[in-house]
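For reference, positions follow the sequence shown, starting with 1. Below, each value reflects all heavy atoms present in this structure, side chains not excepted, and no hydrogens, waters or symmetry copies.
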Amino acid sequence: MCRVLIIEDEKNLARFIELELQYEGFRVTTSYDGREGLELALKEDWDVILLDLMLPGLSGMEVCRRIRSVKETPIIMLTARDSVMDKVSGLDSGADDYMSKPFAIEELLARIRALFRRMEGKKEVLQNTLKFRDVIVDLDARTVMRDGEQIELTKREFDLLVVFMTNINRVLTREILLDKVWELGSYAETNVVDVYVRYLRNKMDKQEEESYIQTVRGTGYVMRT
């Protein structure tokens with residue numbers, strides 16, 4: 001069953017869309033606030049997100065940018081604004097499609113189906129590519145790109161980075177990282193993890209910018225949005 005997240009502060013409209021999508025067989029969750037909607041969008045996996053532009057707490061534009069920095073979830077922006085510049089801004093922030101209110105539910109359903117067809121064509125590529133902020137990892141070619149420039153990593157550094165990027169927002173202990181990267185039964189000491197995290201930071205981080213890999217004191221490490 002396809003999962004849809006609606007982030008829309010007009011409760012009557014949100015409820016109408018929710019009922020129509022449920023009738024069509026979708027599983028729907030609704031949020032009326034930008035910050036709460038962003039948290040839901042990042043915490044769970046969705047097949048499509050319907051995102052209002054004007055939201056309390058955090059604007060739809062900002063919500064879209066933050067989602068897109070770590071996820072490729074299809075996003076359709078819904079808004080009463082229909083100027084060309086508004087549409088351009090919405091698409092530039094990462095939205096896949098843009099619908100002006102009011103709209104017919106039949107058109108929304110058609111747009112969702114069209115998005116699913118496009119995403120199906122990309123599925124194979126997406127399954128073999130990881131993205132976090134400006135870092136892109138190609139799992140097949142085993143390459144790492146940042147801002148269009150390749151970062152040379154050793155096999156162990158690459159494997160460690162992949163573990164972090166497939167566990168965004170999850171704090172990973174040194175023991176977990178040892179199991180995943182050095183494999184079960186390894187006799188390596190946990191300080192080996194610290195050494196390799198330092199290697200990764202030296203190769204990936206930019207001066208005066210927050211590190212891609214955050215230290216969680218007394219626990220381990222995390223890549224956090």
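The existence of a salt bridge linking Glu107 and Arg111 is confirmed by a sub-4.0 Å separation between a basic side-chain nitrogen and an acidic carboxylate oxygen.
Around CE of Met54, the count of heavy atoms belonging to other residues, nucleotides or ligands within 6.0 Å does not exceed 12. Within 6.0 Å of the CD atom in Gln150, the count of heavy atoms belonging to other residues, nucleotides or ligands exceeds 12.
Remark: Leu42 CG to Ile168 CD1 distance equals 10.5 Å, nearest 0.5 Å. The CZ atom of Phe164 sits 10.5 Å away from the CD atom of Gln214 when rounded to the nearest 0.5 Å.
Between Met204 and Leu161 the shortest side-chain heavy-atom distance falls below 4.5 Å. You'll find the side chain of Arg174 stays beyond 4.5 Å of the side chain of Leu177, heavy atoms only.
Side-chain contact, Ser211 with Asp205: a donor N or O sits under 3.5 Å from an acceptor N or O.
Of all heavy-atom pairs between Ala95 and Cys64, the closest is N-SG, 3.4 Å. What you find for Asp33 and Ile7 is that their closest heavy atoms are O-CG2, 3.9 Å. Residues Ala14 and Thr30 approach most closely at CB-CG2, 3.9 Å, considering heavy atoms. Residues Leu55 and Leu58 approach most closely at CB-O, 3.3 Å, considering heavy atoms. Minimum interatomic distance between Lys131 and Ser69 (heavy atoms only, all atoms of both residues): NZ-O, 4.1 Å.
With hydrogens and angles disregarded, a donor-acceptor distance shorter than 3.5 Å links the side chain of Glu157 to the backbone of Thr154. Between the Arg156 side chain and the Val181 main chain, a donor and an acceptor come within less than 3.5 Å of each other. A donor-acceptor distance shorter than 3.5 angstrom exists from the side chain of Trp46 to the backbone of Leu40, with no hydrogens or angles considered. Side chain of Glu10 to backbone of Asn12: no donor-acceptor contact under 3.5 angstrom is found. A distance-only check finds no donor-acceptor pair linking the side chain of Asp96 to the backbone of Ile76 [under 3.5 Å]. Judged by distance alone, with hydrogens and angles left aside, the side-chain atoms of Arg224 form no donor-acceptor pair with the main-chain N or O of Tyr212 at under 3.5 Å.
The one candidate from Thr129, Thr143, Val144 that meets the side-chain contact (heavy atoms from CB on, under 4.5 Å) condition with Val137 is Val144. Asp45 pairs with exactly one of Lys71, Arg3, Arg27 by the salt bridge (Lys or Arg N to Asp or Glu O under 4.0 Å) rule, that one being Lys71. For the side-chain contact (heavy atoms from CB on, under 4.5 Å) with Leu78, the lone residue among Ile17, Ile6, Leu13, Leu51 that qualifies is Ile17.
Here salt bridge (Lys or Arg N to Asp or Glu O under 4.0 Å) pairs that include residues 47-63, with residues two or more places apart or in two chains, are Asp52-Lys101, Glu62-Arg65, Glu62-Arg66.
Residues satisfying the salt bridge (Lys or Arg N to Asp or Glu O under 4.0 Å) criterion with Lys155, sequence neighbours excluded, are Asp159. The ring pair (Phe, Tyr, Trp, His ring centres under 6.0 Å) check on Tyr196 picks up Trp182, Tyr199, with sequence neighbours excluded. Residues satisfying the side chain to side chain contact (heavy atoms under 4.5 Å, CB included) test with Thr215, not counting sequence neighbours, are Arg201, Tyr221. With sequence neighbours excluded, the residues forming a side chain to side chain donor-acceptor pair (under 3.5 Å) with Asn167 are Arg170, listed by chain and number.
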Please step through side chain to side chain contact (heavy atoms under 4.5 Å, CB included) for the pair Thr173 and Leu178, ending with a clear verdict. CA-CA 9 Å; Thr173 66; Leu178 273 178; over 6 Å; no
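In this structure, Val222 belongs to a hydrophobic cluster whose other members, linked by side-chain heavy atoms under 4.5 Å apart, are Val171, Val216.
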